Amino acid sequence: MGVKEKKALKKSLKKASAQQAIIATCEDKDVEFLPLEGGPGKKIVESGEPVNKSTVLYIGHIPHGFYEEQMEGFFKQFGTFKRLRIARNRKTGKSKHYGFLEFTNPEVAKVVADEMNNYLLFEHNLQIQLVPPEKVHPKLWKRVNRTIEPVNFVEVARRRHNKERTLQEHQRMVQAILKQDEKRRERIKEAGIDYEYPELIGKIQPKAKKIKFTDDQD
């Protein structure tokens, strides 16, 4: 028997042994899956529906006028919840139209996410989704009980306007006003309007006086 014939005989023996192993595994009642690459059979484990553990909901597209008090009265019909937070601007205190809600029961949170998603409210479709526990940021509820007082920009502008200025600051302010006035005059001239401009009061500012002190030679 030659070398080629011996190699062919070995291959045929290997194939026969592999087929016998597959037949033996098929006879086993517990085996439900046979790999294509060969090897022992495997049993398919039926995976049930995953258990929901999320209690936090993301709520998007919150309409104007649907704030903490209104949301609390609306969502408490489904069950008790721990915390409610609407994202707001730190300067103005206005709503950013999204927020978060945490229920005590994960089953209630899943029901709200399934039933209230795309719910039409004040011409806005609410976007409600479950937030997995591993994606809940530790600082999510940091400002949940704080009330944001909006900045009074009128008072800020009044203080800025009425503050005491040095002579140099006053001169810089006058130069800025003169530049704006010059640009305004050029635009009016380009429009073909003949207009006599009144003189600006306070255009010429006195220079700061330097007082020299001399030692008395008495």
Side-chain angles (χ1 to χ4, degrees), residues 56-75 81-102 117-129 131 135-218:
V56 180
L57 292 174
Y58 165 81
I59 306 175
H61 294 186
I62 298 175
H64 176 69
F66 192 61
Y67 300 138
E68 287 85 356
E69 185 178 355
Q70 292 78 15
M71 290 181 68
E72 183 178 354
F74 181 79
F75 285 104
F81 57 87
K82 294 181 181 178
R83 292 170 287 191
L84 169 65
R85 179 198 170 196
I86 295 179
R88 292 182 177 274
N89 191 305
R90 293 185 182 181
K91 291 184 178 180
T92 62
K94 293 183 179 180
S95 172
K96 293 184 178 180
H97 304 287
Y98 72 92
F100 299 91
L101 178 67
E102 182 180 10
N117 190 29
N118 290 325
Y119 182 78
L120 183 62
L121 183 68
F122 298 151
E123 299 181 357
H124 286 74
N125 289 327
L126 293 178
Q127 301 297 317
I128 302 179
Q129 298 175 0
V131 181
K135 291 188 178 182
V136 176
H137 199 275
K139 295 183 180 180
L140 177 63
W141 309 107
K142 185 177 180 181
R143 300 178 180 272
V144 63
N145 293 325
R146 293 185 183 180
T147 56
I148 300 175
E149 295 182 1
V151 179
N152 190 350
F153 291 101
V154 176
E155 183 65 24
V156 172
R158 184 183 293 112
R159 290 179 182 177
R160 188 180 300 169
H161 182 270
N162 296 334
K163 75 173 184 178
E164 295 183 0
R165 293 180 175 84
T166 62
L167 184 60
Q168 293 179 352
E169 290 176 347
H170 191 76
Q171 287 177 353
R172 285 198 296 266
M173 183 184 68
V174 171
Q175 292 297 327
I177 294 173
L178 290 175
K179 283 184 179 179
Q180 292 179 0
D181 185 68
E182 186 177 355
K183 291 180 180 179
R184 189 181 301 111
R185 293 186 181 193
E186 290 178 357
R187 290 197 299 267
I188 293 174
K189 187 177 180 180
E190 290 175 357
I193 301 173
D194 188 10
Y195 177 72
E196 289 187 9
Y197 305 96
E199 291 293 332
L200 291 175
I201 300 174
K203 180 177 180 181
I204 300 174
Q205 294 292 323
K207 293 183 179 180
K209 296 181 179 180
K210 294 182 180 180
I211 303 174
K212 294 183 179 180
F213 295 93
T214 58
D215 297 333
D216 295 336
Q217 298 180 356
D218 294 340

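Here the structure is a predicted model, which is why all the values come from computation and not from measurement.
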Nearest-0.5 Å distance that lies between atom CG in Leu57 and atom CD in Glu102: 9.5 Å

Is it true that a side-chain atom of Arg85 and a backbone atom of Phe100 form a donor plus acceptor pair closer than 3.5 Å? no

Could you tell me if the side chain of Ser95 sits less than 4.5 Å from the side chain of Asn89, heavy atoms only? no

Report yes if some heavy atom in the side chain of Phe81 is under 4.5 Å from a heavy atom in the side chain of Glu72; otherwise report no. yes

Are Tyr98 and Ile59 close enough that some pair of their side-chain heavy atoms sits under 4.5 Å apart? no

I'd like to check Asn125 versus Tyr119 (side-chain heavy atoms, cut-off strictly below 4.5 Å). Are they in contact? no

Here the gap from Phe75 atom CZ to Leu84 atom CG, rounded to the nearest 0.5 Å, amounts to 8.5 Å

Rounded distance [0.5 Å steps], CD1 in Ile177 versus CZ in Arg184: 10.0 Å

Less than 4.5 Å apart, side chain to side chain, heavy atoms only: is that true for Arg83 and Trp141? yes

Just wondering, are more than 12 heavy atoms of other shown residues or ligands nearer than 6.0 Å to CD in Glu155? yes

Do Met173 and Glu169 have side chains that get closer than 4.5 Å, going by heavy atoms? no

Is Glu186 atom CD crowded by more than 12 heavy atoms from other residues, nucleotides or ligands, each under 6.0 Å away? yes

Look up atom CD in Glu182 and atom CZ in Arg185, then write down how far apart they are to the nearest 0.5 Å. 8.5 Å

Report the distance from atom NE2 of His170 to atom CD of Glu164, rounding to the nearest 0.5 Å. 13.0 Å

I want to check something: taking the side chain as every heavy atom from C-beta on, are Ile62 and His124 in contact at a cut-off of under 4.5 Å? no

Of Gln70, His64, Glu69, which meets side-chain hydrogen bond (donor to acceptor under 3.5 Å, both in side chains) against Tyr67? His64

Determine whether Val56 and Leu140 make a side-chain contact, defined as any pair of heavy atoms from C-beta on separated by less than 4.5 Å. yes

NZ (Lys189) with more than 12 external heavy atoms under 6.0 Å: no

Assign the ring pair Phe122 / Phe66 to parallel, tilted or perpendicular, where the plane angle (0 to 90°) is split at 30° and 60°. perpendicular

Taking atom types as modelled and ignoring hydrogens, do the side chains of Gln127 and Asn118 form a donor-acceptor contact shorter than 3.5 angstrom? yes

Distance check, rounded to the nearest 0.5 Å: Glu68 atom CD versus Ile86 atom CD1? 4.0 Å

